[in-house]
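Here's the structure we're looking at; comments come further down.
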Amino acid sequence: MVKIEMKGIKKSFGSNQVLKEVSFSIKGGEICALLGENGAGKSTLMNILGGVHTLDAGTILVDGKEVEFKTPGQSQDAGIAFIHQELNLINDLPIYENMFLGREIKTKRGLLDLEKMKQETTDMFQKMQVDLDPDMMVGDLDASYKQIVEICKAMMMNGSVMIMDEPTTSLTEQETERVFKLMRTLKEHNVGIIFISHKLNEVMEVCDRYVVLRDGCLVAEGSVSEVSTDDLAQYMVGYEVRTESLRRERTIGTEILRVEGLSCEPYFRDIHFSIRAGEIIGFTGLLGDGRSELFQAIFGAEESTSGKMFLHGKEGTMKNTTQAIRAGIAYVPRNRKENAIIKDMNIFENASIVTWPQFARRGIIDRKRHEDVFHKQRQALRIKMEMLTDRIDSLSGGNQQKVVLAKWLVSDPKLLILDNPTQGVDVGAKEDIYDIILKLSDVGIAIVVLSSEAQEIIRVCDRALVMYHGVIQGEVAGEEMTEHQIMKLATGGKEG
Amino acid sequence: MVQQLDKGRNLLTWFKYKWMNAPLFSTAIALIIMILLQTLVLGFDYDSFGSWFQAWTNNWINILRNNASIGIIALGMTLVIMTGGIDLAVGSTLVATGALSMILLDTGTKGILGMVGVTGVPAFLITIVVVLIFGYLLGALIGVTVTKGNVPPFIVTLGAMMIFRSVTQHFMQGYNTKVPVEFLQIASFKIGSYMIMPIIYWAIIAYILYFVSKRTTFGRQVIAVGSNERAAKLSGVNVDKVKLRVYALMGLLVSIAAIIQVSRVGSMDFSNAGRGVEMDAIAAAVVGGTSMMGGRGFILGTVYGMLIIAVMNNLLNLFGVPPFLREAFKGFIVIGAVLLQRKEKTS
C-alpha cells in the first residue's frame, strides 16, 4: 500500500506566503478531505504534489523515499493522478479513445489498435464496476460520467493516489452518488483519495479523515467520525472575526426590483427577493450556485427565463442588455478579462462604451461629454492612469476594475449589480471599492453584491441571501450574518 | 521612447518606434515604395515635365478607376471582418444587384421601367434607389441568418454565394441586355478631361466609412463586438443589431459597386462578373492590417491595401510577367503583409 508524506512544505508567490510549513499525508485505501476557504492554500499544496508548482522548502516522501516533482509527468510516474475541476476530455471522441489520449495503443503498422483500446477500457470498467459503453461519445455523457471516465483514465495509468479537485460542484445529488460509489470501489482497490470539496455534508458521507487549511497553515485534522459539519465550518473560518461590518444607519427608499419565481434551468429556479433604494444586499454561495446566471438573466444577458420581474413596480423582464441599461440596471460582471474588458479599445473607450448611444448626437460619439463625466469618475474613484488613449491592459487589475465601474456609474443606474467586484484586486483597491459601494448606496442606488467571499458580504451588505444549487437556501441579516452561518447555508445546511 | 522622439535626435529610433507601434506605418511605407517603383517603371523618357506628368496621372487614374468597385467592396469587408465575420457572397450579390438594374433599365423589350413609360433621369434615380435597397436587403438577409439563426458567417455567406449567383444566372439566361447610353454617364462623366467618377465615389465612401468607424457609436461598437463579444453584450451593446447592420451595409456597398460596374461597361456577364471579388476584398483588408480574428481593422489601411495590390498588378503588367503568375505575387504580398504586422504587440 502506497503512502505519501509531505513534510514542512513552504511556498511563496512573490511576497505572498501561501503555505507556511504544512505537513500532510495520505495512504492507500483512505479518503481524506482537504478543506479550507478560497485562498487557504489547498490548490497550491495539491499543485505541488501534482508537480505543477515546485516547493520552496520541505520534502515529499513516497513510501519513505524522498522524491522531487518538477513536472506533472514526474508526479504521474510516482502514481499520483490529479483530476482537475476542468476535465481533460475531448467531447468529440468516444470514451475508449479518450482513455488512451496521448498514449494510444498502435498496431505494428502504426495504425490505432481500436480493438485493443476498447478491450482494455471494458476491462477497466468491469474492474471498477462502472456500467458504461466504451463506444459512447464523451460529449453525450453527463457530468458525473465524465468524472468517472477521467478517474478510470487515471487508473489506467496505474494511479495509486488520486487528487480530486471539487469533483462534485456541478453534479446533482444522484450524479454525486455515482461518483461516490466509484470512490468507494477505488478505496477497496487500495487507492488513496484526496477529496477537495466545499460541501461538508459530502465530506461527512464519503471521507475517512479530514485536514483543514487556513491562511496557509494546517489548523485541524482528524477522523471525520469525531466531528460535525458545524465543527468543520468553524475550523475553516477560524474563530477570530476580522470583519467588522461597515454598515451604518441609512434611510431605505422605495422598492426598486422585485423578483417572483424566476427560473432558468439548469442554473436557478424559483427565485424570490426584492431590493429597495439605498439597500445593499449580498448574494453568496459556492461555485455553481447559479447566482451569476441569475443576475445575468435579470440584466437581460441570458434568454429563456420564466417567472416575473418588477422594476419600479412595473412588470417586465429584460429582452436584452440595451433595454436593461435604459431601465437603469447596471451589471459589473465577474471575470473582468472575459466579460468586461475589450482589449482592442483604449481606456477611454472602455470607460465610455455603455453610454455611447445615450450621449450620442445623430450617432456620433460625444467625446467631449464623455471626457467630462469620466474625468469626474476618475477623481471620485481615484483611478491611477496616464493617458485616456493608453491601452486598457496597461492598468493594474484594481484600476481596470475601477474603469469598468466608472463606465457603469456614468449611466446613472438605479440598480447596480456587482459580480465579484474585488476579484483579482489588491487589498488597497479592495477597500476603495467597498468605500465606493457604501457611498453609492447613500445616494439611493440599490446595490447587489455577488461574492463567494463571506467576509466581503458581511463587510458591506445589509443582508445576505445564500444560494445553494440554484435555489435561495436562506437569508441572513444583522447579528446572524456570520461566516459560520453563511458557510453552513452555502454547503446545503438549513437555517437555525 | 517618447522623450527621444521629442528631441528628434534619432531618426532610426523614431522609425523603429513607429514601425512597432503605429498600426498603419508599415502599410504606408509599403505603399510609398510601390508608388516610387511605379513611377520608376513608368520612366522619365518624355519630352517635357508636362507630358511626363500627363502620362503619370493617366496611369494612376487608370489604376484607381479599375479598382474602385473592388475598393468599395473591400471597405465593407473590413467592417464585416472587424466584427469577427466574413462575407463570401459579395461577388454573387454584385451580379444579383447588377441584374436587377438591368431588368429595370433594359432598352430592349424587357426593361420594366421602359414598359411602364418611365425613362431618362427619373428612371435612373428609381433604378439606383431600388438597387441600393435590394442590395441592403440581401445583406440584411445574410445578417439575420447569422444572428437569429446562429449560423457561422462563413457558412451563411458560402451558401448565399451559390444561391445568389445561381438564381441570377437562371433568370437572366438568354437575356441580352443593354442599359441606356445616358446611364453610362454615372461612371464615365468626365471632369475636365478625366474620367474619374468611380474614384470620387470610392473616395467619398472611404471618407464616410472612415468617419463612421472612428467616431460613431456604430463604428466603435463594431470593434467592441469583434474584440470581445461577451463583454460588448454585457456593456449593453446590441450585438445582433450591430452584426445585422454590418452585413446590410456590406450589401449596400456591393450594390453601389454593381451600379458603377454596370454604368462602366453597359452590361454585365452574370456568370463571371464578381468572381473572386470576395478574395480580393479580403486580401486588401488583410494587407491593410485588419485582423481576421476581429476587433482590429482600419478603413484607411484597406484603401492602402487595395492600392498596394492594384499597383503591384499594374507593375507586373508593365514588367510583362505572365498572367498566370500574377496571382502568386498577390499571394506573397498578402502573406508577407501579415508576417510584417505580426511584429506588433499581440497581447
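None of these values were measured; they are calculated from a predicted model.
Atom NE2 of H312(A) sits in a crowded spot, with more than 12 heavy atoms from other residues, nucleotides or ligands closer than 6.0 Å. Heavy atoms from other residues, nucleotides or ligands lying under 6.0 Å from CG of D372(A) number more than 12. Within 6.0 Å of the OH atom in Y267(A), the count of heavy atoms belonging to other residues, nucleotides or ligands does not exceed 12. Shown here is Y210(B), whose OH atom has no more than 12 heavy atoms of other residues, nucleotides or ligands within 6.0 Å. The local environment of CD in E386(A) is sparse, with at most 12 non-hydrogen atoms from other residues, nucleotides or ligands closer than 6.0 Å. Within 6.0 Å of atom CE in M137(A), more than 12 heavy atoms from other residues, nucleotides or ligands are found, so the atom counts as buried in its surroundings. More than 12 heavy atoms of other residues, nucleotides or ligands lie within 6.0 Å of CZ in F211(B), so this atom counts as buried by the packing criterion.
For the residue pair T217(B) and A360(A), the shortest heavy atom distance occurs at OG1-CB, 3.5 Å. Closest approach of I342(A) and A224(B) over heavy atoms only: CD1-CB, 3.7 Å.
Under 3.5 Å, the side chains of K343(A) and S227(B) contain no donor-acceptor pair of N or O atoms.
Heavy-atom distances place the side chain of Q296(A), and not its backbone, under 4.5 Å from chain B. Neither the backbone nor the side chain of V212(B) comes within contact range of chain A; no heavy atoms are under 4.5 Å apart. Residue K407(A) touches chain B through its side chain alone, counting heavy-atom pairs closer than 4.5 Å.
Counting heavy-atom pairs closer than 4.5 Å to chain B, the top-ranked of the candidates T322(A), N339(A), I364(A) is N339(A). Ranked by heavy-atom pairs under 4.5 Å with chain A, the first of G236(B), A232(B), G219(B), G226(B) is G236(B). For the options I325(A), I365(A), V404(A), I353(A), heavy-atom pairs under 4.5 Å to chain B are most numerous at I365(A). Per-residue counts of heavy-atom pairs under 4.5 Å with chain B were compared for A330(A), G300(A), A301(A); the largest is that of A301(A). Comparing R220(B), K233(B), K214(B) by how many heavy-atom pairs each has under 4.5 Å with chain A, the most go to R220(B).
In this structure, OG on S235(B) lies 11.5 Å from OH on Y331(A), to the nearest 0.5 angstrom.
F299(A) is listed as a side-chain neighbour of L234(B), based on a closest heavy-atom distance under 4.5 Å. Two residues are said to be in side-chain contact when any heavy atoms from C-beta on lie closer than 4.5 Å; P357(A) and Q221(B) meet this criterion. Contact of the I341(A) side chain with the N228(B) side chain is not registered, since no non-hydrogen atoms from C-beta on lie closer than 4.5 Å. A heavy-atom distance below 4.5 Å is found between the side chains of I223(B) and M345(A).
Using a cut-off of 4.0 Å between Lys/Arg side-chain N and Asp/Glu carboxylate O, R215(B) and E349(A) are scored as not salt-bridged.
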